[in-house]
Amino acid sequence: MKTPFIRLALVGTASVLCCASIQAASVAPVASEHGMVVSAQHLATQVGVDVLKKGGNAIDAAVAVGYALAVVYPAAGNLGGGGFMTLQLADGRKTFLDFAKKHP
């Protein structure tokens, strides 16, 4: 079964996914036709790549990278954070998720 392409942007806990200039080791990019994973830590990036290779979609990979970053790069955030996610599905539908923390 072909996984639909999902364009993903994260802000908040995993914002390091889109701004990986924080002392990230320079590793030669790997070309791909079906996805891309970027983070500030190579082990977390590899987790995302592995998820995509096993058939996961961009959301699966982003969540896995977020959990991995909490372990291998704790300055990137932690598991209790919140954020926002903008999605564009392969059929053109767009949606926005607000998973910001709720305070009493």
Side-chain angles (χ1 to χ4, degrees):
M1 181 174 155
K2 188 174 181 181
T3 304
F5 174 75
I6 299 172
R7 187 174 298 148
L8 178 67
L10 294 176
V11 178
T13 303
S15 61
V16 74
L17 290 172
C18 59
C19 50
S21 62
I22 306 170
Q23 297 179 346
S26 294
V27 178
V30 176
S32 172
E33 294 180 23
H34 303 290
M36 181 174 88
V37 178
V38 178
S39 82
Q41 216 288 336
H42 72 280
L43 294 172
T45 300
Q46 189 58 53
V47 166
V49 169
D50 291 345
V51 167
L52 292 177
K53 283 182 177 178
K54 292 179 181 178
N57 61 34
I59 296 171
D60 300 329
V63 170
V65 169
Y67 279 114
L69 282 171
V71 175
V72 298
Y73 194 73
N78 59 48
L79 300 179
F84 307 97
M85 186 181 301
T86 303
L87 300 166
Q88 179 178 334
L89 302 174
D91 63 6
R93 288 181 297 147
K94 297 174 184 164
T95 190
F96 175 80
L97 299 175
D98 176 356
F99 55 99
K101 296 182 261 184
K102 304 292 184 211
H103 298 285

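Because the structure is predicted, anything quoted here is derived from the model rather than measured.
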pair Lys94-Thr86: side-chain heavy atoms closer than 4.5 Å: no
Listed partners of Asp50 passing side chain to side chain contact (heavy atoms under 4.5 Å, CB included), at least two apart: Gln46
Hits for side chain to side chain contact (heavy atoms under 4.5 Å, CB included) against Val71, two or more places apart or cross-chain, chain-then-number order -> none
Which heavy-atom pair separates Phe96 from Phe84 by the least distance, and what is that distance? CZ-CD2, 3.4 Å
First locate atom CG of Asn57, then atom CG of Leu87, and finally report the distance between them rounded to the nearest 0.5 Å. 9.0 Å
Please check this pair: side chain of Thr45 against backbone of Ser39, looking for a donor-acceptor N/O pair closer than 3.5 Å. yes
Residues which pass side chain to side chain contact (heavy atoms under 4.5 Å, CB included) with Ala61, listed by chain and number, not counting sequence neighbours: Val51, Leu52
Minimum heavy-atom separation for Ala44 to Val65, with atom names? O-CG2, 3.4 Å
